[in-house]
There are 2 protein chains.
Amino acid sequence: MVKTKRSSDSPAGSASEQRRLQMVDIARLAGVSVSTVSRALNGSELVNAETRQRVAELARSLNYSINFGARNLRLQENKTVAVVVPFDAASRQHISDPFFLSIVGSIADALTDRGYDMLLSRVDAERLDLASHWFDSGKAIGVILIGQWRHHDQLNEMAARKLPLVVWGGEMPQQLYCSVGGDNVQGGLLAARHLLSLGKRRIAFIGDAHLPEVWLRRQGYVQALAEAGLQPEPALELAAPFEPGVATAIVREFCQARRDFDAVVCCSDVLALLTIQGLRAAGRSVPEDVALVGYDDMPLAAYCDPPLTTVHQPVAEAGAELVEALLGQLRGERSGPRTMPVYLKLRQSAPDAAA
Amino acid sequence: MVKTKRSSDSPAGSASEQRRLQMVDIARLAGVSVSTVSRALNGSELVNAETRQRVAELARSLNYSINFGARNLRLQENKTVAVVVPFDAASRQHISDPFFLSIVGSIADALTDRGYDMLLSRVDAERLDLASHWFDSGKAIGVILIGQWRHHDQLNEMAARKLPLVVWGGEMPQQLYCSVGGDNVQGGLLAARHLLSLGKRRIAFIGDAHLPEVWLRRQGYVQALAEAGLQPEPALELAAPFEPGVATAIVREFCQARRDFDAVVCCSDVLALLTIQGLRAAGRSVPEDVALVGYDDMPLAAYCDPPLTTVHQPVAEAGAELVEALLGQLRGERSGPRTMPVYLKLRQSAPDAAA
DNA sequence: ATGAAAGCGCTAACAG
DNA sequence: CTGTTAGCGCTTTCAT
């Protein structure tokens, strides 16, 4: 036999004792059975209105709150969603990009609105598959992953294992999992077209095209070049990662080495900031010498030096979209990838032609 | 009787069926009892080494993972900490200040390192006491609250109710709860002293002194003024809140109305950015006309226009400190408030006298 | 070294 | 309308 009860029989233990109140305590005090308390607290019609009232009042006055662990176990139910932000193990960079943090905030809102809890955690970007742990262990009913990183394959495999999963990112060919993201091709297209409209012809592209989102943005960039009768030049493409710690040196070196571009498309606003810094170190100015377009339109993009012209991503809507996609999946709906519209926000780093 | 089992008796259900693997399945396949599986998986010495090996292998190959809900219920244990970020209900502003988000990231790291999970949520800044819900419902073993906001009183009351609680913020007189924060008095002092050393004499202060942290920073500011034989001028103090949505108009108006200050201490980097914008709108420049010091040293502070001279807060260390304080409390240690050192980071918005 | 059985706090089917 | 009872998946005492 197991003996875990702390005190022998007293409802709430001795004064100093801090036992958590349970239904059985309420039941005893109300002079009814636990089932009745359970029903009353769940607003069941089965229980006498007056009793229900009395029990509810008692529970409130005693500051009772239900043990969700027990309830969930019994009901085989769970209202927790895991939100997982990949981090770069090599550089030990953490959750830090303002854009990703904004997305997390947006998801937090969407989950709260729907009565779900959010379990936030990190995972090594090389082992995205480990994110399934939260589901496997029953801690969460599903996983929202922020970004695809380099492991489209792992994500497909997770989806194949029937893990309830939604990923913020771009839609790739042969994709088994559900993704939600901005229209990356369109974003790249808008950015490059704008720079071309300013008369720029040698447009650099900064971003790691191994990442699906960047790869798609690059397609838009290439398409815009083609529209203007131009070819992409490999020498003007720089595969800089999103982690500032790693990117800083790479970008700086690039700006020192090549002075033959007059504009640049950066795949995040943070990269844009690093690029501006690199250009300045190389004695060039933005937007006079080099026009620059960022990506994300992070909250601070308007306050940088200079304020960033950037592709606006629908952060506020992203949370709801991701959460809905996940809940839909759990309801058994076959929800495909969703692509949300983006637009170009004009500011000083690549001002309008008129300006 | 309750009939919840999905399929009659099959170990893993039919092909299409997606039942979660349990100990009983492993037990059946290994030809032992559940108790043995439990012991084996927990590395108990009680079970034969060879059996233990076999069970462990089987579990791994089947990709079994334990149901934590059940385990926690049985063990009366929980490794989840609630991290709560207050939001301003009036303005519907969400988790958004980069500094708070950085702190959240830092806590995420610290919790992960110690094997804890993080439940992230928001709470109305007027009802901080609602944060106790996560503890009361057994979802978390304790609460880390980001900021004290205006409700020192509610926090004291929560602590009095024995809620395991740690708050990021400043140490106030008569404080019952455990706080962890930067040295705010010192921060305000360093900021104002620096401006004085630049020869500035009319130094504005922007931040809502109803908030404990701001109140403490203001003390440092006043002390620095006193050292220089100056009195604080109420007309140069602006009670702007941290939420950009609300602060923008207030700051702008202030900058239009008063042109009689030559320096300003802002209580966050975001407020600093808004102030710079307001000053520009009023035809004044930073740092030429007005020298400005921010607060937080958020990741992007170095990339603003101009780069911000600001009080650096120990974000990276903050997470570990907060988590340790909470865990210490749970171990029964009487941990008092902790104040961490801050320093002034010199950049262009208030450059060194030499520059 | 292993198994049977009880019970963590809760819900719901069943029987009054 | 209410109480009794079984059981969610796990750990552990007790008995072998």
Side-chain angles (χ1 to χ4, degrees), chain A residues 1-7 11-13 19-28 30-55 59 62 64-79 136-139 141, chain B residues 1-7 9 11-13 19-28 30-56 59 62 64-79 136-139 141:
Chain A
M1 217 268 284
V2 180
K3 187 94 180 92
T4 321
K5 278 233 168 56
R6 266 136 264 181
S7 81
R19 191 168 69 83
R20 194 188 296 282
L21 219 53
Q22 309 177 182
M23 276 196 183
V24 61
D25 301 314
I26 312 276
R28 210 165 321 182
V32 294
S33 75
V34 212
S35 343
T36 300
V37 174
S38 171
R39 285 191 276 249
L41 262 28
N42 286 313
S44 161
E45 291 297 326
L46 286 174
V47 56
N48 182 304
E50 189 248 325
T51 315
R52 189 169 31 183
Q53 184 72 11
R54 193 159 47 86
V55 170
L62 291 174
Y64 167 78
S65 48
I66 199 173
N67 181 322
F68 272 91
R71 177 177 217 267
N72 287 344
L73 180 57
R74 176 62 239 236
L75 255 33
Q76 297 288 284
E77 170 188 302
N78 190 337
K79 298 268 255 175
D136 295 335
S137 64
K139 285 179 181 168
I141 51 167
Chain B
M1 215 268 285
V2 182
K3 187 90 180 98
T4 322
K5 278 236 170 53
R6 264 133 267 183
S7 82
D9 216 5
R19 190 168 69 84
R20 195 187 295 282
L21 217 53
Q22 308 176 182
M23 276 197 183
V24 59
D25 301 314
I26 312 276
R28 209 166 320 184
V32 294
S33 74
V34 233
S35 339
T36 300
V37 174
S38 171
R39 286 193 272 250
L41 261 28
N42 286 312
S44 161
E45 292 297 329
L46 284 174
V47 56
N48 183 303
E50 188 248 326
T51 316
R52 190 169 27 180
Q53 183 73 12
R54 194 158 46 85
V55 169
L62 291 174
Y64 167 78
S65 44
I66 200 173
N67 180 323
F68 273 91
R71 177 176 215 267
N72 287 343
L73 180 58
R74 176 63 239 234
L75 255 34
Q76 297 287 284
E77 170 187 304
N78 190 339
K79 298 266 259 176
D136 296 334
S137 64
K139 283 179 180 168
I141 50 168

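Proteins come first, then strands; the chains are lettered A, B, ... in the order of their sequence lines, and each starts at number 1. What's counted below: heavy atoms across the whole structure, side chains too, no hydrogens, waters or symmetry copies.
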*OP1 or OP2 of dC10(D) less than 4.0 angstrom from a side-chain nitrogen or oxygen of Tyr64(B), does that happen here?*
yes

_Would you say that Val32(B) contacts Arg39(B) through its side chain, given a criterion of any heavy-atom pair below 4.5 Å between the two side chains?_
no

_I want to confirm an ordering. Mapping Glu45(B) and Ala70(B) to their closest nucleotides on DNA chain C, which one lands closer to the 5' end?_
Glu45(B)

*Would you indicate whether the side-chain heavy atoms of Asp25(A) and Tyr64(A) approach each other to under 4.5 Å?*
no

*For Asn42(B), report the nucleic acid contact type (base, sugar-phosphate, nothing); a contact means any heavy atom under 4.0 Å.*
sugar-phosphate

*When rounded to the nearest 0.5 angstrom, what distance separates OG in Ser137(A) from CZ in Arg71(B)?*
11.5 Å

*Return the value, rounded to whole Å, for the distance between atom CZ of Arg28(A) and atom P of dG9(C).*
12 Å

*How long is the line joining CG of Asn78(A) and P of dC10(C), in whole Å?*
17 Å

*Check: Ile141(A) and Glu77(A) side chains under 4.5 Å, non-hydrogen atoms*: no

*Round to the nearest Å and state the distance from Leu21(A) atom CG to dG9(C) atom P.*
11 Å

*Are Gln76(A) and dT11(C) close enough that a side-chain N or O sits under 4.0 Å from OP1 or OP2?*
no

*Take the protein atom CZ of Phe68(A) and the nucleotide atom C1' of dC8(C), then report the distance between them rounded to whole Å.*
17 Å

_Residue pair Arg28(A) / Gln22(A), side-chain heavy-atom distance below 4.5 Å_ = no

*Please state how far atom CZ in Arg74(B) lies from atom C1' in dC10(D), giving the value in whole angstrom units.*
8 Å

*Establish, from distance only, whether the side-chain atoms of Ser33(A) and Thr36(A) form a donor-acceptor pair under 3.5 Å.*
yes

_By the 4.0 Å heavy-atom rule, please label Thr36(A) as base, sugar-phosphate, or nothing._
sugar-phosphate

*Kindly say whether Glu50(B) contributes a backbone atom to a donor-acceptor pair with the side chain of Asn48(B) at under 3.5 angstrom?*
yes

_Distance-only donor-acceptor test (3.5 Å): side chain Arg39(B), base dG3(C)_ = yes

*To the side chain of Val32(B), which of dG3(C), dT11(C), dC10(D) is closest?*
dG3(C)

_Below the 4.0 Å mark, does dT2(D) have OP1 or OP2 next to a side-chain nitrogen or oxygen of Thr51(A)?_
yes

*Quick one: is dT4(D) close enough that its OP1 or OP2 comes under 4.0 Å of any side-chain N or O from Ser35(A)?*
no

*To the nearest Å, give me how far apart CG (Leu75(B)) and C1' (dT11(D)) are.*
6 Å

_Expressed as a whole number of angstroms, how long is the span from Arg54(A):CZ to dT2(D):C1'?_
12 Å

*Identify whether any heavy atom of Leu46(A) sits under 4.0 Å from a base atom; if not, whether one sits that close to sugar-phosphate; answer base, sugar-phosphate or nothing.*
base

*Measure from the side chain of Gln22(A), starting at C-beta and using heavy atoms only, and say which of dT11(D), dG9(C), dT11(C) lies closest.*
dG9(C)

*Determine, stepwise, if the pair Asn67(A) / Met23(A) fulfils side chain to side chain contact (heavy atoms under 4.5 Å, CB included).*
CA-CA 9 Å; Asn67(A) 181 322; Met23(A) 276 196 183; over 6 Å; no

*Tell me: CG of Leu41(A) to P of dT2(D), nearest whole Å?*
14 Å

*Among dT2(C), dG9(D), dC10(C), find the nucleotide with the atom closest to the side chain of Asn67(B).*
dG9(D)

*asked:* At 10 degrees resolution, what angle do the end axes of the helix from dA1(C)-dT16(D) to dG16(C)-dC1(D) form when each is taken over five base pairs?
replied: 50°

